[in-house]
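The structure under discussion appears below in the form of structure tokens.
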Amino acid sequence: MGLRCGVLCSRAMNAELTELARLGERVVAMATKGGATVAECMVRSGRELSARVRLGEPELIEEAEHRSAGLRVMKGKHVATTSTSDLTEAGIARFVSDALELADLAQEDPFAGPANATLLTDPSKAPDLDLFDPKGGQVDASAAISIAKAGERAAEQFDPRITNSDGATFSRTAGGAALVLSSGFRGAYQGSYQSLSVVPVADDAGGKKRRGSHWTARRFLDDLDDPKSVGEEAARRTLRKLGARSIATCEVSVVFDPDAARSILGMLAGCILGSAIWRKSSYLVGREGSVIASSLVSVCDDPLLLRAPGSRPYDGEGLASRKNVVVDKGILRSYLCDSYSARKLGRESTGNASRGGSAGVSCGTTNFMIEPGADSNEAIVKGTKRGLYVTEMMGFGFNAVTGDFSRGASGYWIENGELAFPVSEVTISLNVDELYKRIDAVGSDLDLRTATASPTIRVGKMTVAGAG
């Protein structure tokens, strides 16, 4: 069948993947027998645990297991998708018949169709990306609570000015997915992910409460930062906010730390997808080959990184995973497409199909990142004479069609290369097209805790609107 999983799969997990794939095969066979010209089934299973503590006491424990199937069928150019968690014989029969009936009712779409069968990969030759850690599943509720408590306790003991807590949360998730296509593709793989976050609270002047946070997240349990270091860093970030104030409106350099820069990159991610391009809902329509950013900026989408959160051996349509260069030294080189958006745009898929729970397909990113530069975060701050260092952004003020951007922000004022005092209640704004072109420093501190990631970046000049 060509099933493949990571070298750390347990025997039980191998059996589960095989079972998921067999169920997918049954569903596809039933759908094609019922009249579907194309049938595509995604079967998933998963286990999640989340434990939150506050002030040393357990506040919430959630644990769940799930198994579901999604089906996309086509009758000619008529497409329908449906999903179910009822995997009994009767439930599966109803699930398939519903999809076939919906296809009869669907409007014809001239661009509908499966991925080109000649482009499908052989799952048995897919790379082992080391995405599953069986050790994570051994963390039960008691152990999860202990980890969360250790992180919160480290924050509380770091400094007496930490007077309260919004809690600490440890979460883990693991699961498998099998994709079966009537074109002959059969594949299955598994993944895992775990995280710890700590949110301390400190009292500030005027009765204000200042909250900071820090978190760690990885596919493998042993790759997480130590709970003590996470709690202590969360405390540091909280204490740095004490005495925060607004500033007068000005135009200055703005440095985005990796968490804030990730939000900036996320806006670009939505604008380079083929679906946004054919709908003309992106400011980057028709701009392939042109300069859209500083020459310091290179952006790639790479699903082939070991243990990375967005990695996968193949895409949602069975095409081989591949690295795509989106921006090369400031020049837009490629949009990211699934088969449907590629047909709309008269090109081929870039292997960026994502398949949701109902087996519907759309284009999306994997490990989407700004490639790191040579400067450390500290060197970028030191090289900034006067400006704002942004650690958080609030609200959503971005127009993808025009590129206009404006969001609330907080962080620290930079004076002569030093973080002078904390800043809050300001708004930063600049058209994103100009923002990317004004990037004059890119850090070396890329950290793939999340699938969209950026190192520290500095924008040469932005409008910072404050109290006056």
Side-chain angles (χ1 to χ4, degrees), residues 54 152 155-156 158-168 197-215 230-267 377-378 380-382 384-398 404-430 432 435 438 441 443 445 454-468:
R54 183 174 178 272
E152 185 184 52
E156 291 172 341
F158 184 77
D159 191 289
R161 290 174 293 174
I162 300 296
T163 57
N164 208 331
S165 172
D166 270 357
S197 64
V198 182
V199 187
V201 179
D203 293 323
D204 205 350
K208 292 183 178 180
K209 304 290 184 182
R210 300 295 183 186
R211 290 168 178 79
S213 65
H214 188 53
W215 57 287
V230 175
E232 290 177 347
E233 180 60 24
R236 288 189 196 96
R237 295 185 179 210
T238 301
L239 296 173
R240 287 174 188 161
K241 294 185 173 185
L242 295 176
R245 60 185 189 265
S246 189
I247 56 174
T249 298
C250 55
E251 279 196 343
V252 291
S253 296
V254 175
V255 178
F256 294 90
D257 85 345
D259 281 338
R262 182 175 68 248
S263 294
I264 298 295
L265 181 59
M267 294 186 295
N377 172 284
E378 294 77 10
I380 292 175
V381 173
K382 192 173 181 63
T384 306
K385 183 172 179 59
R386 185 170 177 265
L388 180 67
Y389 182 85
V390 176
T391 58
E392 294 180 59
M393 291 191 289
M394 290 74 72
F396 184 81
F398 173 59
D404 291 337
F405 164 77
S406 178
R407 289 184 68 180
S410 63
Y412 308 93
W413 184 252
I414 303 172
E415 196 69 48
N416 295 320
E418 301 288 341
L419 300 181
F421 56 85
V423 172
S424 64
E425 300 177 0
V426 298
T427 300
I428 54 175
S429 59
L430 182 65
V432 169
L435 183 155
R438 293 187 187 183
D445 51 347
S454 171
T456 299
I457 59 174
R458 183 178 65 200
V459 179
K461 184 183 290 186
M462 290 185 70
T463 298
V464 178

Side-chain heavy-atom pair V252, W413 within 4.5 angstrom cut-off = yes
Rounded to the nearest 0.5 Å, what's the gap from NZ on K385 to CD on E418? Could you check?
-> 12.0 Å
For D445 and P258 the tightest heavy-atom approach is OD2-CG, 3.4 Å
Side chain to side chain, R458 and I380, heavy atoms closer than 4.5 Å | yes
Step by step, work out the side chain to side chain donor-acceptor pair (under 3.5 Å) result for K209 and N164.
-> CA-CA 9 Å; K209 304 290 184 182; N164 208 331; over 6 Å; no
Derivation and outcome, side chain to side chain donor-acceptor pair (under 3.5 Å), residues T391 and R237 = CA-CA 10 Å; T391 58; R237 295 185 179 210; over 6 Å; no
Gap between atom CD1 of I457 and atom CZ of F256 - 0.5 Å precision | 6.0 Å
Would you call E378 and K382 a salt bridge, taking side-chain N to carboxylate O under 4.0 Å as the test?
-> no
Could you state the interatomic distance from OH (Y412) to CZ (R240), rounded to the nearest 0.5 Å?
-> 5.5 Å
Derivation and outcome, side chain to side chain donor-acceptor pair (under 3.5 Å), residues Y389 and N377 = CA-CA 11 Å; Y389 182 85; N377 172 284; 3.0 Å; yes
So, do V255 and L388 sit near enough that their side-chain heavy atoms are less than 4.5 Å apart?
-> no
Heavy atoms, side chains only, cut-off 4.5 Å: are L265 and S263 in contact?
-> no
Closest non-hydrogen atom pair, S454 against A261 = OG-CB, 3.3 Å
For the student: nearest non-hydrogen atoms of E415 and A420, plus distance = CB-CB, 4.1 Å
Within the side chain of R54, is there an N or O that forms a donor-acceptor pair under 3.5 Å with the backbone of S165?
-> yes
Is there side-chain contact between K241 and T238, with at least one heavy-atom pair below 4.5 Å?
-> no
So which of D203, D204, D166 actually passes salt bridge (Lys or Arg N to Asp or Glu O under 4.0 Å) with R211?
-> D166
Exam field: side chain R407 to backbone G395, donor-acceptor pair closer than 3.5 Å | yes
When rounded to the nearest 0.5 angstrom, what is the spacing between OG in S424 and NZ in K208?
-> 6.0 Å
Distance col, row R236:CZ vs I162:CD1, nearest 0.5 angstrom, shows 11.0 Å
Under the 6.0 Å and 45° cation-pi test, does R245 pair with F421?
-> yes
If we only count heavy atoms from C-beta on, is the E251 to M462 side-chain gap below 4.5 Å?
-> no
Kindly say whether E425 contributes a backbone atom to a donor-acceptor pair with the side chain of S246 at under 3.5 angstrom?
-> yes
Taking all non-hydrogen atoms of both residues into account, name the closest pair between P455 and G443 and its distance.
-> CB-O, 3.3 Å
V254 vs V464 side-chain heavy atoms within contact, under 4.5 Å = yes
To the nearest 0.5 Å, how far apart are CG in L435 and CD1 in I428?
-> 8.0 Å
Do L430 and R438 come within less than 4.5 Å of each other through their side chains, counting heavy atoms only?
-> yes
With distance as the sole test, does S253 use its side chain to make a donor-acceptor pair with the main-chain N or O of G460 at under 3.5 Å?
-> yes
Indicate the atoms forming the closest heavy-atom contact of V432 with M267, along with that distance.
-> CG2-CE, 3.8 Å
Taking all non-hydrogen atoms of both residues into account, name the closest pair between V390 and A409 and its distance.
-> CG1-CB, 4.2 Å
